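In this chain, numbering begins with 1 at the start of the sequence shown. Keep in mind that the numbers below use all heavy atoms, side chains included, and drop hydrogens, waters and symmetry copies. Values in this document were obtained by computation on a predicted structure and should not be read as measured data.
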Amino acid sequence: MASSEEFKPDPRLPKQLVYFLMNNHSVPPSCFSLPPTAARLPYLVDTMQLCIMAILTILSIISIIVYVEDAVYIMRKVQCPMKKRTSLWSSAAPTVISTITCLGLWIPRSAMFVEIGIGTYFGVCFYLILMVIIEGYGGKDALVKKLESTDVHINTGPCCCCCCCLPRIKMTKRKVNVFILVVFQMAFLKPLFNFIGLILWSDGIYNIEDVRYYLFSVI
């Protein structure tokens, strides 16, 4: 049974409907309550669920060990600083996701921080991958010289693959800078908006679970 301070009816549902479902249809209060705290979680799940959570935790720890070994190898064998940095970031993707989601599994109320952590990581990772692609061509000037006579397709997946009307372009240094800026804005704006979301969350204004409610209330 959810305690009174943790019972919080969904703001998108009328209170009368919530209590009607609880009293007349035996819907448990936990369906309308805040997620349990990390201290209470072990007492609310059965043995099978605890075993599954323990197995997932062990797998996350193994992922960390494998990444540490991979990172040591990259640090010793890769000489190019850009390639080394990007390889460390990109190879850490499974470890970062498994570790952060494992923390979210054991701390149910950390859903917003899990979202922020994974989003920020991938924003920086995409930018570094673009940089290593450009360095693989030998820099901006070499990239432009290599592709200046080639029609470049920009209707690529996953978002633009259905946009057949997008034209093929000739690569120029200005367009390379535009591509870099577009990817950089994700690496910069994503953490910035996440930081603003944390500030609003601390004041009770923003809640990732109620984003649909706030959108409708603004409209």
Side-chain angles (χ1 to χ4, degrees), residues 1-3 5-13 22 26-78 84-129 132 157-159 186-187 190-202 204 206-213:
M1 187 74 176
S3 59
E5 64 272 10
E6 292 182 350
F7 177 70
K8 182 181 179 182
D10 194 326
R12 292 167 293 185
L13 299 175
M22 291 171 51
S26 302
V27 177
S30 58
C31 294
F32 306 103
S33 305
L34 291 173
T37 61
R40 295 184 62 233
L41 180 63
Y43 302 99
L44 299 178
V45 297
D46 55 28
T47 305
M48 179 61 68
Q49 291 172 330
L50 278 177
C51 291
I52 295 175
M53 294 170 65
I55 292 174
L56 296 177
T57 303
I58 293 174
L59 293 176
S60 298
I61 295 174
I62 294 175
S63 176
I64 295 175
I65 296 174
V66 172
Y67 172 70
V68 171
E69 181 184 4
D70 189 24
V72 171
Y73 177 83
I74 293 174
M75 294 292 292
R76 290 179 178 177
K77 299 297 183 179
V78 179
K84 180 186 298 185
R85 184 166 59 249
T86 307
S87 298
L88 290 173
W89 274 83
S90 59
S91 61
T95 303
V96 170
I97 294 176
S98 63
T99 302
I100 295 179
T101 52
C102 183
L103 292 175
L105 181 68
W106 286 101
I107 310 175
R109 296 188 181 184
S110 64
M112 180 175 180
F113 295 93
V114 172
E115 171 80 13
I116 288 175
I118 294 178
T120 302
Y121 167 79
F122 276 113
V124 177
C125 193
F126 287 153
Y127 176 75
L128 291 177
I129 290 176
V132 81
C159 298
M186 179 181 180
K190 183 69 175 179
L192 176 62
F193 288 146
N194 289 338
F195 178 73
I196 295 174
L198 278 177
I199 296 176
L200 298 178
W201 172 81
S202 64
Y206 172 71
N207 186 350
I208 191 173
E209 297 177 353
D210 298 333
V211 64
R212 186 186 306 175
Y213 165 74

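Here Leu103 pairs with nothing under the side-chain contact (heavy atoms from CB on, under 4.5 Å) rule; sequence neighbours left out. Residues satisfying the side-chain hydrogen bond (donor to acceptor under 3.5 Å, both in side chains) criterion with Thr99, sequence neighbours excluded, are absent altogether.
Closest approach of Ser90 to Ser87, counting heavy atoms only: OG-O, 3.4 Å. Taking each heavy atom of Leu50 and Pro42 in turn, the nearest pair found is CD1-O, 4.1 Å. Pairing each heavy atom of Ser98 with each of Ser60, the nearest pair is O-OG, 3.4 Å. What you find for Val45 and Gln49 is that their closest heavy atoms are CB-OE1, 3.0 Å. The heavy-atom pair separating Leu41 from Met53 by the smallest distance is CD2-CE, 3.7 Å.
To the nearest 0.5 angstrom, Asp70 atom CG is 4.0 Å from Ile74 atom CD1. Considering CG of Leu44 and OG1 of Thr37, their distance stands at 8.0 Å, rounded to 0.5 Å. Remark: Ile52 CD1 to Thr57 OG1 distance equals 11.5 Å, nearest 0.5 Å. We find the CD1-CZ distance between Ile116 and Phe193 to be 13.0 Å, quoted to the nearest 0.5 Å. Atom-to-atom distance recorded for Tyr127:OH and Trp89:CH2 is 12.5 Å, nearest 0.5 angstrom.
Val96 is listed as a side-chain neighbour of Ile100, based on a closest heavy-atom distance under 4.5 Å. Annotation: side chain of Cys102 is not in contact with side chain of Leu56 (no heavy-atom distance under 4.5 Å).
Screening residues 44-73 for ring pair (Phe, Tyr, Trp, His ring centres under 6.0 Å), with sequence neighbours left out, gives no hits.
Between the side chain of Thr120 and the main chain of Gly117, no donor-acceptor pair closer than 3.5 Å is present.
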